[in-house]
Amino acid sequence: MARSNNARDRYMYGICTNRDNGDGKPCPKCAEKTIQQIRAGKDFVCEECGENLTKVAPPRATNWALIGGIAAAVIVLGGGGAYFAFSGEKAATETVETVVKDTIASSGGSLEGKEIVEQEAEQLVTEVEDSVKVSTQEDTKSTDVAETVKKDAPTRINLPYGYFEGPTNGSGKPNGIGIAYVTKGYSLDLKNRDKETLDLKPGDKIMNAKFKDGNLQQGELQRKDGTRKTIQIGG
């Protein structure tokens, strides 16, 4: 007669039911409901306390190949962060659940350890849901920060000698205090009694430049070489 190569034929399985181990406490194996594997021909007793075991059915084997396939599918889907971000948590969860069901169905639906596989699949779905929640929250925060930066960023307005960064009026003209950057040579009319002009050079900056309705009123000229000069228009 041919020998069986099935591991289940070479072993028996049982659980310990010893609820009093002599000290009023159950055997640890009993308390943990551990399924013990005993080789055929050996004494069918608990390896912890030595009491007879109660025979049970062999534990179901986990189909790691199937779980690996589901995990791989979830990882691939998880890589599509943009899809999850735009479709939302519900759509992402439904997609993963569909993959799980299709993967189990494609194996004939008669797999050993199907319950374990489904539990693993549920865990994977939960992890994806949590990941989507975190991703969505981070995307929302990033959007809020970007909008805040855009809102608070100074407006850049072109000037005859460069550009101004600062507040504007309703017509889009410089109106308030900001910085004027000089990018090309220009003779600035100081509009005073002496009809003086001030030569501006590329690299100069007018700090605390105060504008009103597009006209410079005052500020501090900082030359590229570090020298400073107060500017007052008019008077």
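Side-chain atoms are counted along with the backbone in the values below, which use heavy atoms only and exclude waters and symmetry mates.
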Completion exercise
Residues pairing under ring pair (Phe, Tyr, Trp, His ring centres under 6.0 Å) where one sits in residues 23-54, two or more places apart or in two chains, turn out to be none
Practice task
Determine the minimum heavy-atom distance between Pro160 and Tyr186, stating which atoms define it.
Solution key: CB-CE1, 3.6 Å
Handout entry: Min side-chain heavy-atom separation Asn192-Ile233 under 4.5 Å
Key = no
Problem - Polar side-chain atom of Asp43 near backbone of Val45 as donor-acceptor pair, under 3.5 Å - result: no
Problem - More than 12 heavy atoms from other groups under 6.0 Å of CG on Asn208 - result: no
Problem - Linked, directly or transitively: Leu188 and Ile177 (ILVMFWY side chains, under 4.5 Å) - result: no
Problem - Euclidean distance, Tyr13 OH relative to Gln37 CD, rounded to 0.5 Å - result: 4.0 Å
Going by atom type alone, with no hydrogens or angles, which donor-acceptor pairs under 3.5 Å involve a side-chain atom of residues 47-57 and a protein atom two or more places apart or on another chain?
unit_1: Glu47; atom_1: OE2; unit_2: Lys29; atom_2: NZ; d: 3.3

Problem - Minimum heavy-atom distance between Pro167 and Gly176, given as atom pair plus value - result: CG-CA, 3.7 Å
Practice task
Any pair with a residue in residues 213-233 that passes ring pair (Phe, Tyr, Trp, His ring centres under 6.0 Å), sequence neighbours left out, goes on the list, sorted by first then second residue, please.
Solution key: none
Exercise for the section: Measure the spacing between NZ of Lys229 and CD of Gln222 and express it to the nearest 0.5 Å. Expected result: 14.0 Å
Fill in the blank from the handout: All heavy atoms of Gly172 vs all of Ile157, minimum pair found to be O-CD1, 3.4 Å
Handout entry: Hydrophobic cluster of Ile179, others only, ordered by chain and residue number, side-chain cut-off 4.5 Å
Key = Tyr163, Tyr181, Met207
Problem - Min side-chain heavy-atom separation Thr168-Asn175 under 4.5 Å - result: no
Problem - Contact check, side chains of Glu220 and Ile231, non-hydrogen atoms, under 4.5 Å - result: no
Handout entry: Same cluster (ILVMFWY, side-chain, under 4.5 Å), Leu216 and Phe164
Key = yes
Problem - Gap between atom SG of Cys46 and atom CD1 of Ile15 - 0.5 Å precision - result: 10.5 Å
Which pairs would a plain distance check flag for residues 197-206, meaning a side-chain donor or acceptor within less than 3.5 Å of a matching protein atom at least two apart in sequence or in another chain?
unit_1: Asp204; atom_1: OD1; unit_2: Lys224; atom_2: N; d: 3.3
unit_1: Asp204; atom_1: OD2; unit_2: Lys201; atom_2: N; d: 2.9
unit_1: Asp204; atom_1: OD2; unit_2: Arg223; atom_2: NH1; d: 2.6

Practice task
Answer yes or no: is there a donor N or O on one side and an acceptor on the other, between the side chain of Asp194 and the main chain of Glu196, under 3.5 Å?
Solution key: no
Practice task
Verify the cluster assignment for Leu159 and Leu221: are they in a single hydrophobic cluster under the rule of side-chain heavy atoms below 4.5 Å apart?
Solution key: yes
Fill in the blank from the handout: Distance col, row Gln218:CD vs Lys212:NZ, nearest 0.5 angstrom, shows 12.0 Å
Completion exercise
So ring pair (Phe, Tyr, Trp, His ring centres under 6.0 Å) across residues 187-210, not counting sequence neighbours, yields none
